[in-house]
Amino acid sequence: MDGKEPQDRTGACVLDPARRAAFARELMRALTAHCPGSRAELRGSLARGTADPYSDIDLAWTVPGDRFDTCLAAVREVLEAVLPLDSLRTEPDSQDSRERRLLFAAFRGLPLFWRVDLEIGASPAAPGQGHPAACGDDWSPPASALANAVAATKAVLRGQPENARGLLERGLRRIDAPDHVSGQWSADIRRLAEAAADREPRLRPLADRVLRLAESHRAQLLWWTFPAGVRERVDEPVLAGRDIRAVHAMRESGTEPRPELHVCMDVLAGRHRALADRMPPRHDVDTQAAAAGALPRDPVAVEAVWDGDTWGWIVVLSAVPARPWEGVALAHFRIGAAGTVEAARTGRELAERLGVPFRFAGPDGPDEDAPPLVGRPGLSAGPEAMMVGCDSKRSPGSGWPKPSPHMPTPSKPPTADPG
């Protein structure tokens, strides 16, 4: 695998279990190739099939007893041949054993979560006594504290805040720092990483990686900083499609410092993903047709217009009732790999169901400047011009709203229900 700059985010392309599995296979091949007659196998959650994206890599390498010393001496070189190492450390309790050594390896270009715990065992036990080969750097309390900071981050992301608290407290005690943990996870993890680097300056690069790790997961750490009651008050409006109310609940939660708006928006995106299977369909034509039919005035058109927020572009599907000319938002379509296909298809089906024209002035790409169907002050296009982009059998003369130079500026369709 090629060496790359460390990546510590949770994006699917980075914490890809398939990538982790391929790397583990490469390590096992390299180990067994170095020592014919040895055996390398997975242990822990990867072996049990219970691993999540944050799980580390547990390996066991069983070597003949008479080759134990030579394998220990060569292990750094063997691992480096697969991917450059950031660090290789030996567990203190096993550093004199003639039967077993436990090594912790961090590789450059892999997420910190994917540390390799490599147990090297001799079968039968290696002859001799003492400490035959040094195969890793000395284990220090600050290095152990940084490992606790990574493990605590992982525990929070898994929704295990009490485990995270214990890990942070032990890490702080290990370096003789005050062990009070506030539950403000980003701040607590940062405090532990900074204290470890202060006590052992050569660990500063690793501490900086831990800080970047916490920063890249800031939204998830904030979510678990909120008390359970606040999390409930956020999820309730998310499930009801009232995103602004959900953000308001976060901002007014009493959390100090007050959460920044853009971080709350990132939290909101995460809640949408987490609750996706509990949220009602947003693009169901029957639901939208019923909503349009409940309007005080019958719709005379369906229109798709561009909008945007901090996550990217959105197409808003609106029903346009007769005077006063105002679009009423029925659905929002997040634009991803499928582009505008879903928005256009749903709009056409809805318009056909309602027996009105459909218009999408910018189907080929974002265009906030495209004139809305109902016109702006000074817009002089006639009904025929407004039919551009329509996909309906209704003719302009059969109930199509005639524009007037005195039409008011339509309200911009809202991107969320503030109710």
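- You'll find the side chain of W224 reaches within 4.5 Å of the side chain of R231, heavy atoms only.
- Salt-bridge check for D235 with R278: failed, with every basic side-chain N at 4.0 Å or more from each acidic carboxylate O.
- Rounding to the nearest 0.5 Å places OG of S45 at 7.0 Å from CG of D52.
- Counting heavy-atom neighbours within 6.0 Å of E99 CD, excluding the residue itself, gives a total of 12 or less.
- D208 has a carboxylate O that lies under 4.0 Å from a charged side-chain N of R204, or vice versa, which qualifies the two as a salt bridge.
- Counting only heavy atoms from C-beta outward, the side chains of V267 and V234 never approach each other to under 4.5 Å.
- Taking all atoms of both residues into account, the shortest heavy-atom contact from V82 to A30 is CG2-CB, 3.7 Å.
- Ring geometry for F113 versus Y54: interplanar angle over 60°, hence perpendicular rather than tilted (30 to 60°).
- Checked against salt bridge (Lys or Arg N to Asp or Glu O under 4.0 Å), R199 has no partners two or more places apart in sequence or in another chain.
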**OP:** Take W185 and H217, measure what side chain to side chain contact (heavy atoms under 4.5 Å, CB included) needs, and give me the verdict at the end.
**Re:** CA-CA 10 Å; W185 300 116; H217 296 295; over 6 Å; no
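- D117 is listed as a side-chain neighbour of D56, based on a closest heavy-atom distance under 4.5 Å.
- Side chains of S55 and R158: a donor-acceptor N/O pair is present below 3.5 angstrom, by distance only.
- Annotation for R19 and G109: closest pair NH2-O, 3.1 Å, computed over non-hydrogen atoms.
- Heavy atoms only, all atoms of each residue included: L46 and I57 are closest at CD1-CA, 3.9 Å.
- Minimum heavy-atom separation, A351 to V302: CA-CG2, 4.0 Å.
- At a threshold of 4.5 Å between non-hydrogen side-chain atoms, the residues S38 and L31 do not count as touching.
- With rounding to the nearest 0.5 angstrom, the OG1 atom of T153 is 10.5 Å from the CD atom of Q220.
- Not one N or O on the side chain of W114 forms a donor-acceptor pair closer than 3.5 Å with the backbone of R20.
- Between the CG atom in L118 and the CG atom in L79 there is a gap of 6.5 Å [rounded to 0.5 Å].
- Judged purely by atom type and a 3.5 angstrom limit, R258 uses its side chain to pair as donor or acceptor with the backbone of R251.
- Ionic pairing of R101 and E91 is not present here: no N-O contact between side-chain nitrogen and carboxylate oxygen is shorter than 4.0 angstrom.
- A distance of 10.0 Å separates NZ in K154 from CG in L213, rounded to the nearest 0.5 Å.
- Listed for the E80 side chain is a donor-acceptor partner under 3.5 Å among the backbone atoms of L85.
- Looking only at distances, a side-chain donor or acceptor of D188 sits under 3.5 Å from a matching main-chain atom of S182.
- Nearest heavy atom pair, residue V210 against residue A193, reads CG1-CB, 4.0 Å.
- Although no hydrogens or angles enter the test, the distance criterion places no donor-acceptor pair under 3.5 Å between the side chain of R43 and the main chain of L59.
- For the pair V150 and R115, the minimum side-chain heavy-atom distance is 4.5 Å or more.
- Considering CH2 of W61 and CZ of R39, their distance stands at 13.0 Å, rounded to 0.5 Å.
- A salt bridge does not link E352 with R348: every distance from a Lys NZ or Arg NE/NH1/NH2 to an Asp or Glu carboxylate oxygen is 4.0 Å or more.
- Between I175 and L192, some side-chain heavy-atom pair lies under the 4.5 Å cut-off.
- When the salt bridge (Lys or Arg N to Asp or Glu O under 4.0 Å) test is applied to R25, no partner is found at least two apart in sequence or on another chain.
- The shortest side-chain heavy-atom distance between T255 and M250 does not fall under the 4.5 Å cut-off.
- With respect to E215 and R218, a salt bridge is recorded, a charged nitrogen being found less than 4.0 Å from a carboxylate O.
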**OP:** Quick one: do E26 and L83 satisfy side chain to side chain contact (heavy atoms under 4.5 Å, CB included)? Show the steps, please.
**Re:** CA-CA 10 Å; E26 285 190 57; L83 197 66; over 6 Å; no
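- Applying the 6.0 Å contact sphere to CD of E236 captures no more than 12 heavy atoms from other residues, nucleotides or ligands.
- At a threshold of 4.0 Å, the pair R174-E169 does not count as salt-bridged, since none of the basic side-chain nitrogens sits closer than that to a carboxylate oxygen.
- Dense packing is recorded around CG of D179, with more than 12 heavy atoms of other residues, nucleotides or ligands lying under 6.0 Å away.
- With hydrogens and angles disregarded, no donor-acceptor distance shorter than 3.5 Å links the side chain of R100 to the backbone of S94.
- With values rounded to the nearest 0.5 angstrom, R202 atom CZ is found 5.5 Å from S140 atom OG.
- Formation of a donor-acceptor pair under 3.5 Å by the T32 side chain with backbone atoms of R29 is found in this model.
- Ring geometry, F107 versus F23: the interplanar angle exceeds 60°, so the pair is classed perpendicular (tilted spans 30 to 60°).
- Nearest heavy atom pair, residue G183 against residue T225, reads O-OG1, 3.4 Å.
- Counting only heavy atoms from C-beta outward, the side chains of D243 and H272 approach each other to under 4.5 Å.
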Original post:
Which is it for H34 and V75 under the side chain to side chain contact (heavy atoms under 4.5 Å, CB included) test, yes or no, and what are the steps along the way?
Top reply: CA-CA 9 Å; H34 175 77; V75 68; over 6 Å; no
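- No side-chain donor-acceptor contact under 3.5 Å links N148 and R170.
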